[in-house]
Amino acid sequence: MDNEILEYLPDAIFLLNPEREIVDANQAAREILTPGFRDRDLALSLRHPEILEAVDAALKGEAYEQGDVSITHPVSRTFEMRAFRLPEGDAQSPGVAVILILHDITAAIQAVEVRRVFVANVSHELRSPLAALVGFIETLQGPARDDAQAREHFLSIMSAEAGRMTRLIDDLLSLSSVEANEHVRPLGRVDLRNILQNVIELLLAKTQEKSMTTQLICRDPLSEIPGDSDELIQIFQNLIDNAIKYGASGGVITLTLRHVDRIPDIGGPGVAVAIHNEGEGISPEYLPRLTERFYRVDKGRSRSMGGTGLGLAIVKHIVNHHRGRLTIESAPGEGSTFTVYLPT
Ligand code: ADP
């Protein structure tokens with residue numbers, strides 16, 4: 001495009017003459033058009049009835065047109081469209097009658113959808129324990145009023161359901177606080193080995209309940225790394241807790257700390273902490289979705305173990321906050337390995 005400023009604008013800009021032929025198009029517009037568009041009717045390079053209608057209206061000098069349109073070439077995107085007529089004889093753009101501007105709003109639409117799904121999920125997750133509580137309260141007020149044994153039983157279920165709601169809210173708060181801080185670099189310095197030992201200690205009772213043992217292997221001498229100690233404690237707490245929940249009873253959880261010259265995908269030196277548990281493992285088709293909020297391979301199983309489905313989403317956000325990487329390797333029957341890479 002002749003005009004350098006228009007050429008590099010992110011919006012797709014098309015300049016059209018009174019015959020609806022394309023006089024010029026900037027870089028973003030050329031991505032959408034089929035090749036050989038210059039001096040040809042817009043309809044030949046962009047077959048989209050609503051856009052053509054808007055341009056025709058603008059050419060006739062009718063009211064300013066605006067609307068959302070979806071274009072599938074080269075990738076599926078949604079644009080806010082504007083077409084307006086230039087004053088006749090505009091000295092700066094001779095021969096141009098109409099300017100068509102397409103502003104990409106795909107990301108904004110996706111963000112609204114993500115928020116909608118998230119709110120629906122949270123409501124759903126809170127509704128089931130709440131419904132259970134209401135049901136048991138009614139039973140205790142009515143049929144089970146004088147039944148001491150039933151009362152004990154129901155109260156213990158109610159306490160478990162209330163605990164589930166508390167955990168869910170705690171996880172939601174962690175997630176939102178990590179998200180809010182994601183763009184600020186962590187300031188502290190941490191000793192990873194120390195953190196891992198503390199988390200192992202913290203989860204010792206749970207580990208013993210399943211007759212499991214945890215071993216920590218340090219392959220390289222490591223010094224302190226930049227990081228937020230509370231957040232890193234949370235990562236390893238979530239990952240080791242999962243290894244206990246989903247690992248085989250009586251099995252060994254192995255934590256391996258080592259230095260890496262290159263963090264996968266992002267490069268640069270770092271440390272890797274691999275958390276391996278024995279057990280049935282995860283089928284490959286589930287792996288890409290594990291860090292999505294509320295995603296669980298087996299919902300009933302996760303619930304029965306007190307899972308909220310938010311643990312790995314929190315881990316992923318904290319890893320991103322540290323400009324690190326999370327990888328997940330697993331094969332059915334061979335257990336799973338979650339590896340956290342952190343830059344040094
Ligand atoms: P949850 O609260 O359900 O544990 P997470 O976000 O921590 O939620 O994990 C999401 C899902 O990933 C779990 O429900 C489980 O299906 C799977 N998962 C996580 N860690 C492991 C593991 N070590 N072994 C097998 N499956 C796992």
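Only a predicted model underlies this, so the values are computations on that prediction, with no experimental measurement involved. Just follow the structure's listing: the first ligand is 1, and inside any ligand the first atom is 1.
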* Ignoring hydrogens and angles, state whether a donor on the side chain of D241 or Q237 is under 3.5 Å from an acceptor on the partner side chain. => no

* Asked: With distance as the sole test, does R40 use its side chain to make a donor-acceptor pair with the main-chain N or O of G36 at under 3.5 Å?
  -> yes

* Asked: Looking only at atom types and distance, does a side-chain atom of S156 sit under 3.5 Å from a main-chain N or O of H153, one as donor and one as acceptor?
  -> yes

* Structure fact -> Pocket residues around ligand 1 (non-hydrogen, under 4.0 Å) come out as N242, K245, Y246, N277, I282, L290, Y295, R296, V297, S302, G307, T308, G309, L310, G311, L312, S336, F338

* Structure fact -> Apart from Y8 itself, its cluster of hydrophobic side chains linked below 4.5 Å comprises none

* **Evaluation steps, side chain to side chain contact (heavy atoms under 4.5 Å, CB included), between R82 and L100** => CA-CA 6 Å; R82 285 155 193 226; L100 167 68; over 6 Å; no

* Side chains of T254 and Q215: donor-acceptor distance under 3.5 Å anywhere? -> yes

